[in-house]
Amino acid sequence: MSRLALMLLCLASASRGQMTASGDMTITGQTGMGTAVPQATLEIKLSSADAYTLRVSSPNGAPLLLIDKAGQMGIGLVPSGALLDVNGRGDASDIGLHLRSGNSSSTVSSSQIVFAYDSSGTYRHSLRTRAAGGQNIGNAVEFYLWRSTGQPSTLGSMNVASLQASQSVSSASVHILPAGDPVYELVVSNGQTTGAGKVMAAAITTHSRRELKSDIAYFSDAEEKQAYDETKDLRHAQFRYKRIGPRGWEADPGAPMARGLIYEDAPDSIRSGVGKSLVVENRLSNLEMALKSANEYIAWLETKISELEARK
Amino acid sequence: MRPARALLLLAALASGAYAQTSVVGDAWIVGPVLIGTTTASRSRVNVAASSGTLTPFQISGVDLTPFLRVGNDGKVGLSTYSAANLDVNGSGDSANVALQVHSGNLYQSASGRAQIAFGQDGTTNRRHHIDSVHVDSTAHNSLDVLIWSPDAGAANVATMTVVSLVTISTASGATVHVRPAGDPVAELTVSDGGGLGLGTVHAAAQVTPSSRDWKSDISYLGERDAAAAFDRVRGLRHVSFRYGRRKGGGFVRDTRAPLRRGLMYEEVPEILRGPGESVNATQRLVDAEMAFGVLARRLEAIRKEVGP
């Protein structure tokens, strides 16, 4: 009732003309601008003649924050078609948008940006970040998608791709359907096993110009013969890939059978230096050299057989 | 009407107040409000900073947390003092969302709108953007990154999708699709914008994870498997060809496409086939290595017969 008493004391319930307050003004109650029924501590309601709902400008009149009559917000500029339009300068160390919901644990529960369908706010994809001090592992920007195994109102939980710092030679990795820690620049996993995903492409090329290479040494006949022996002695196996679980790698009876080699059985010439992986290009090179050796073998046999036939 | 609500600006017929003015009740202001300026700007509320003002505009919480703060440097902070043009506070590891945008498109909608656009140097020129696509199904939910190229026109947003992160109903449930065309089936699909999987991967090496630690149900393939591999390799029918170009719902001949060498999916043995009517290069290599082993052993047997 104190407000009402004050109102009566002042003998004036309203100022209907233009009013100017040249000093500061303090309003302790709700304030309605353009409305007599404010729904918030401060509500600004447009009239049809207004171009802007709110305009905050610098001493020289430049816009700092604008909300136009369509509800579009401009920061540092007049919004030009986007709901939120942020000004900035290129090539000037400027930062347009800075978000501070980065995670520090592997739960990655907070999102930096959420992409929702329409105004319904459903089927939400998200972009999340992880940060860890003093180490490469644990620093990442990750993309999560919603799919119909989740509730429409629940944030998507499928991690489709992770751009992350890693312990690999290049110190960073693109990890698709991540599982475990990557050790190469591009790792295609399947959400269960590191590197067990598939790549579909028309071709996979390796750069091969002499200019890009040093320490070039052609393989000798003896080394080609070694490739022949190593290829001949490869022990191919069929197996299932395990999946990564809470207690490490565990058998996955539902995984499809695969064919290939076992790292521990394979010769050094086809082993990768990191990650207990085998290098496809080295296997192919060994096979090509083995075929050359075999061809020489056949030529030698043909000569030998001719000699034997000549003796008959 | 709440009794406390009243418009109480100034008492007593005054046209101006030159000291501090306090309104202890509510205030309703029907006309435009100019703060720090007397120049109308067709704005409902116009706040003009003075040169000495550090914060021209701020909306605070009960503990004076700046929910919305506009600094005199033009930087805007949401619940934080801003270190960027727009700086949004948040908390990690707490299911917090810093920024949510609602312009996501429905799958197959023809009128897509960018969720986030990246303009050049204070303009709307040459805008890259991120789109999102949503649908209540297992497949076709995606985040797409489009990069501007001259074809789009300088003032327009990008039209070229470089990468799409998209859910699929096969394989592991999602894929990264480079230069997308068609519906991908592998975890990484590299297309060329024209045909599914018709792109090229450029890398120094491909590796396959091979440690015994990561495998179960291991059984070594024997002589019979090797002999079968030899027969398969011997029976392959290699061809030269060009990939077709997508047109409408099908493919047409593309005489400008490079000639390639390879196999026809329909003609290869089942064991070499991959998802999406593809041929599995890793399995071809396995077959070729095993076939070579058979060949080498036969050669050595002949040598034994021929003698030293």
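Every heavy atom of this structure was used, including side-chain atoms; hydrogens, water molecules and symmetry mates were not. Proteins come first, then strands; the chains are lettered A, B, ... in the order of their sequence lines, and each starts at number 1.
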So does [Y] get a backbone contact from the side chain of [X], meaning a donor-acceptor N/O pair under 3.5 Å?
{"X": "A/His236", "Y": "A/Leu261", "value": "no"}
{"X": "B/Asn96", "Y": "B/Ser91", "value": "yes"}
{"X": "B/Arg212", "Y": "A/Ile262", "value": "no"}

Examine whether an atom of [X] lies under 4.5 Å from a heavy atom of chain A, and if so say whether it belongs to the side chain, the backbone or both; otherwise answer neither.
{"X": "B/Ile116", "value": "side chain"}
{"X": "B/Thr124", "value": "side chain"}
{"X": "B/Asp287", "value": "both"}
{"X": "B/Val135", "value": "backbone"}
{"X": "B/Val70", "value": "side chain"}
{"X": "B/Ile59", "value": "neither"}
{"X": "B/Ser142", "value": "backbone"}
{"X": "B/Val97", "value": "both"}

[X], part contacting chain B, at a heavy-atom distance under 4.5 Å:
{"X": "A/Asp94", "answer": "side chain"}
{"X": "A/Leu177", "answer": "side chain"}
{"X": "A/Leu234", "answer": "side chain"}
{"X": "A/Leu278", "answer": "both"}

- Quick one: which of A/Gly195, A/Ala51, A/Gly76, A/Ala62 has the most heavy-atom pairs under 4.5 Å with chain B, could you say?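 Among A/Gly195, A/Ala51, A/Gly76, A/Ala62, the one with the most close pairs to chain B is A/Ala51.
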- chain B contacts, top residue of A/Gly96, A/Gly102, A/Ala82 (heavy-atom pairs, under 4.5 Å):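 Sorted descending by pairs with chain B, the first entry is A/Gly96.
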- side-chain contact (heavy atoms from CB on, under 4.5 Å) evaluation trace for A/Val199 with B/Val201: CA-CA 9 Å; A/Val199 177; B/Val201 175; 4.2 Å; yes
- Testing B/Leu198, B/Val178, B/Leu196 for side chain to side chain contact (heavy atoms under 4.5 Å, CB included) with B/Ser191, which one passes?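 By the side chain to side chain contact (heavy atoms under 4.5 Å, CB included) criterion, B/Ser191 pairs with just one of B/Leu198, B/Val178, B/Leu196: B/Leu196.
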- Hey, which of B/Lys75, B/Glu289, B/Gln120, B/Arg260 has the most heavy atom pairs under 4.5 Å with chain A?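 Of the options given, most contacts go to B/Glu289.
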Side-chain donor-acceptor pair present, [X], [Y], cut-off under 3.5 Å:
{"X": "B/Asp87", "Y": "B/Thr80", "value": "no"}
{"X": "B/His134", "Y": "B/Ser132", "value": "yes"}
{"X": "B/Tyr220", "Y": "A/Asp265", "value": "yes"}

- Item | Within 6.0 Å of NZ in A/Lys304, more than 12 heavy atoms from elsewhere |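 Atom NZ in A/Lys304 is packed in, count exceeds 12.
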